> 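Sharing a structure here in structure tokens format.
Owing to the predicted nature of the structure, the values given are computational and were not obtained by experimental measurement.
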Number of protein chains: 2
Amino acid sequence: MTLPGYDAASYPPFAVTVDLVVLTLRGDVLHVLLVERGADPWRGAWALPGGFVRPDEGLDAAAERELSEETGVRDVPGHLEQLASYGDPDRDPRMRVVSVAYLALAPDLPEPHAGSDAARAAWVPVAHAQRRPLAFDHARVLSDGLERARAKLEYSPLAAAFCGPEFTVADLRRVYEAVWGRALDPRNFHRKVTGVPGLLVDTGRTRSEGRGRPATLYRLGDVTTLHPPITRD
Amino acid sequence: MTLPGYDAASYPPFAVTVDLVVLTLRGDVLHVLLVERGADPWRGAWALPGGFVRPDEGLDAAAERELSEETGVRDVPGHLEQLASYGDPDRDPRMRVVSVAYLALAPDLPEPHAGSDAARAAWVPVAHAQRRPLAFDHARVLSDGLERARAKLEYSPLAAAFCGPEFTVADLRRVYEAVWGRALDPRNFHRKVTGVPGLLVDTGRTRSEGRGRPATLYRLGDVTTLHPPITRD
DNA sequence: CCAATAGTGTCTCTTAGACAGTATACG
DNA sequence: CGTATACTGTCTAAGAGACACTATTGG
């Protein structure tokens with residue numbers, strides 16, 4: 001970055017926003033949080049939640065704040081990471097906006113309440129969301145977020161972000177199945193996931209789903225990378 | 001993104017820049033393009049090249065323009081992709097700056113010439129660059145860029161971006177060795193890389209390095225993902 | 001008992017790494 | 001000839017997918 005004699009007045013200002021791809025699992029179906037826009041442009045269209053970065057706030061902090069505001073949950077559990085930035089000159093007709101998109105993965109959360117600027121907010125099944133026209137370039141952002149999530153399940157312990165602090169192997173498998181959109185062999189999955197050193201910590205307790213043998217409850221270990229990975233192919 | 005009644009005057013303006021991690025191979029050693037800052041802040045410190053995004057220019061276009069300007073080469077061959085964005089409120093003491101970092105991989109390029117705003121510009125061995133204090137948060141950006149490059153060599157045909165349009169298997173291997181920082185078995189590498197369907201297109205010609213059997217010259221095929229991958233472990 | 005889910009064992013196929021061996025150049 | 005590099009073959013170990021089998025619950 002060079003910044004020689006930068007004259008702020010010589011450039012029109014940029015607005016910087018954060019947009020969120022918030023994914024969760026509801027009834028074994030992958031959902032994304034969308035808001036219905038209450039103002040132009042794109043009034044009435046569905047959009048990813050987001051908002052302006054405040055003057056004294058870092059990008060990650062802005063994303064955390066928006067996540068909390070839009071879900072209505074303080075200290076949202078799960079995972080939050082930067083996805084990419086989108087800054088086509090004409091992506092917003094009003095002014096030059098650069099949006100820094102974030103990907104959030106969370107366990108099942110309560111129904112969202114619409115914010116001041118949104119007509120509605122709702123958890124929408126991802127397959128459904130991808131068939132709607134979304135505001136701005138949000139269809140692209142959503143695609144990028146989904147692809148990131150799918151890829152990272154292979155080599156990171158991110159699937160656990162969709163679960164509570166304690167979970168069973170079957171819980172984890174349902175996450176993989178929902179995100180990847182295909183069934184996995186429960187037996188091979190069990191062997192693979194329990195075979196990753198450091199991934200799962202046995203709590204010593206079990207949980208019964210009503211029918212069948214109760215499953216061991218695990219907590220997430222402290223690994224950051226899965227060796228060997230859980231592959232998609 | 002919500003943008004209710006946005007009053008541009010109610011927020012101080014953000015500046016948006018692109019910063020570049022430009023990697024190349026020079027004599028089998030991985031180098032990064034750095035500039036010596038000619039103005040405060042960080043006058044005299046080394047920094048990643050970059051500059052302001054212009055009002056009517058997209059982020060990718062700004063990165064391409066800066067890459068061309070800073071290397072002194074029109075239509076730089078190789079690969080350019082967005083890396084991440086960095087926007088801590090105090091990363092630049094003069095004003096609020098959000099930097100969108102890009103990763104560029106290029107074949108060996110001529111010595112750069114300092115721009116108007118930089119005292120010097122030079123290709124610096126990566127190991128050396130990582131030991132220097134870099135301006136702003138550029139040490140972090142450089143690390144992130146290197147890690148991205150290392151990871152993407154595993155499953156993408158990106159190594160060819162470091163080579164010319166035609167290259168030998170040994171050329172490719174030297175890229176992997178330089179980026180990963182470790183020696184690879186030439187025989188196993190050869191079998192692996194020629195075994196990826198669609199990756200290499202035999203030109204029918206060979207190139208002799210002076211000693212030893214001449215190597216087959218290949219062009220890059222049209223695959224985007226390596227199946228199976230070239231793993232690091 | 002049966003049905004359902006949890007978890008283990010076993011087989012086959014593919015791939016990774018080690019490394020012997022062959023091919024073709026230069027001096 | 002030797003040496004250096006390109007390329008191929010072969011062995012072994014480990015992981016992936018298919019799927020039989022055992023374990024433990026509720027009804």
> Between B:R207 (CZ) and D:dC7 (C1'), how many Å, whole number?
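After rounding, the reported distance stands at 16 Å.
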> Is the number of heavy atoms from other residues, nucleotides or ligands within 6.0 Å of CZ (A:R65) greater than 12?
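Above 12, so yes.
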> Take atom CG of A:D202 as the centre, draw a 6.0 Å sphere, and report whether it contains more than 12 heavy atoms from other residues, nucleotides or ligands.
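More than 12 heavy atoms, drawn from other residues, nucleotides or ligands, come within 6.0 Å of this atom.
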> Can you tell me how far P of D:dT8 sits from CG of B:N188, to the nearest Å?
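To the nearest whole Å, that distance equals 13 Å.
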> Looking at B:V53 and B:G58, what are the two nearest heavy atoms and their distance?
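Where B:V53 meets B:G58 most closely, the heavy atoms are CG1-O, 4.4 Å.
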> Counting only pairs under 3.5 Å, give me each side-chain donor-acceptor contact of residues 167-187 of chain A, with atom names and distances, residues two or more places apart or in other chains.
{"residue": "A:T168", "atom": "OG1", "partner": "A:A170", "partner atom": "N", "Å": "3.4"}
{"residue": "A:T168", "atom": "OG1", "partner": "A:D171", "partner atom": "N", "Å": "3.1"}
{"residue": "A:T168", "atom": "OG1", "partner": "A:D171", "partner atom": "OD2", "Å": "3.4"}
{"residue": "A:D171", "atom": "OD1", "partner": "A:R174", "partner atom": "NH2", "Å": "3.4"}
{"residue": "A:D171", "atom": "OD1", "partner": "A:R207", "partner atom": "NH2", "Å": "3.2"}
{"residue": "A:D171", "atom": "OD2", "partner": "A:T168", "partner atom": "N", "Å": "3.0"}
{"residue": "A:D171", "atom": "OD2", "partner": "A:R207", "partner atom": "NH2", "Å": "2.5"}
{"residue": "A:Y176", "atom": "OH", "partner": "A:L153", "partner atom": "O", "Å": "2.9"}
{"residue": "A:E177", "atom": "OE2", "partner": "A:L184", "partner atom": "N", "Å": "2.9"}
{"residue": "A:W180", "atom": "NE1", "partner": "A:R150", "partner atom": "O", "Å": "3.0"}
{"residue": "A:R182", "atom": "NH2", "partner": "A:R232", "partner atom": "O", "Å": "2.7"}
{"residue": "A:D185", "atom": "OD1", "partner": "A:R187", "partner atom": "N", "Å": "2.8"}
{"residue": "A:D185", "atom": "OD1", "partner": "A:R187", "partner atom": "NE", "Å": "3.3"}
{"residue": "A:D185", "atom": "OD1", "partner": "A:N188", "partner atom": "N", "Å": "3.1"}
{"residue": "A:D185", "atom": "OD2", "partner": "A:R187", "partner atom": "NH2", "Å": "3.1"}

> For B:K152 and B:S156, which heavy atoms make the closest approach, and how far apart are they?
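Closest approach of B:K152 to B:S156: O-OG, 2.7 Å.
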> Starting from C1' on C:dC11, measure out to CZ on A:R191 and report it in whole angstrom.
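Going from A:R191 (CZ) to C:dC11 (C1'), I get 11 Å.
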> Taking B:D144 first and then B:R148, would you say they form a salt bridge - that is, a charged N and a carboxylate O separated by under 4.0 Å?
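Here B:D144 does not pair with B:R148 in a salt bridge, since their nearest N and O are not under 4.0 Å apart.
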> Any side-chain N or O of B:H190 less than 4.0 Å from the OP1 or OP2 oxygen of D:dC7?
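Yes, because at least one side-chain N or O of B:H190 sits under 4.0 Å from OP1 or OP2 of D:dC7.
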> Is there, by distance only and without an angle test, a donor paired with an acceptor across the side chain of A:R187 and the base of D:dA20 below 3.5 Å?
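Between D:dA20 and A:R187, which were checked side chain against base, a qualifying N/O pair under 3.5 Å is present.
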> Over all heavy atoms of both residues, which pair between B:P77 and B:A106 is shortest? Give the atoms and the distance, please.
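Taking every non-hydrogen atom into account, O-CB, 3.7 Å.
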> Heavy atoms only: give me the nearest A:V196-A:P228 pair and the separation to one decimal.
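Result for this residue pair: CG2-O, 3.7 Å.
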> Among residues 215-233 of chain B, which contact DNA chain D at a heavy-atom distance under 4.0 Å?
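Heavy-atom cutoff 4.0 Å gives B:A215, B:T216.
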> What is the distance from CD of B:E209 to P of C:dG27, rounded to the nearest Å?
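B:E209 atom CD is separated from C:dG27 atom P by 14 Å.
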> Please pick, from C:dA18, C:dA6, D:dA18, the nucleotide with the shortest atom-to-atom distance to any side-chain atom of A:R213.
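Nearest listed nucleotide: C:dA6.
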> How long is the gap from CG on B:L67 to CG on B:D75, to the nearest 0.5 Å?
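Interatomic distance, B:L67 CG to B:D75 CG, rounded to 0.5 Å: 10.0 Å.
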> Could you tell me whether the phosphate oxygens of D:dT5, OP1 or OP2, come under 4.0 Å of any side-chain nitrogen or oxygen in B:R211?
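True: B:R211 side-chain N/O within range (under 4.0 Å) of D:dT5 OP1/OP2.
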> Under a 4.0 Å heavy-atom cut-off, which of residues 160-185 of chain B touch DNA chain D?
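Within residues 160-185 of chain B, the residues near DNA chain D are B:A170, B:R173.
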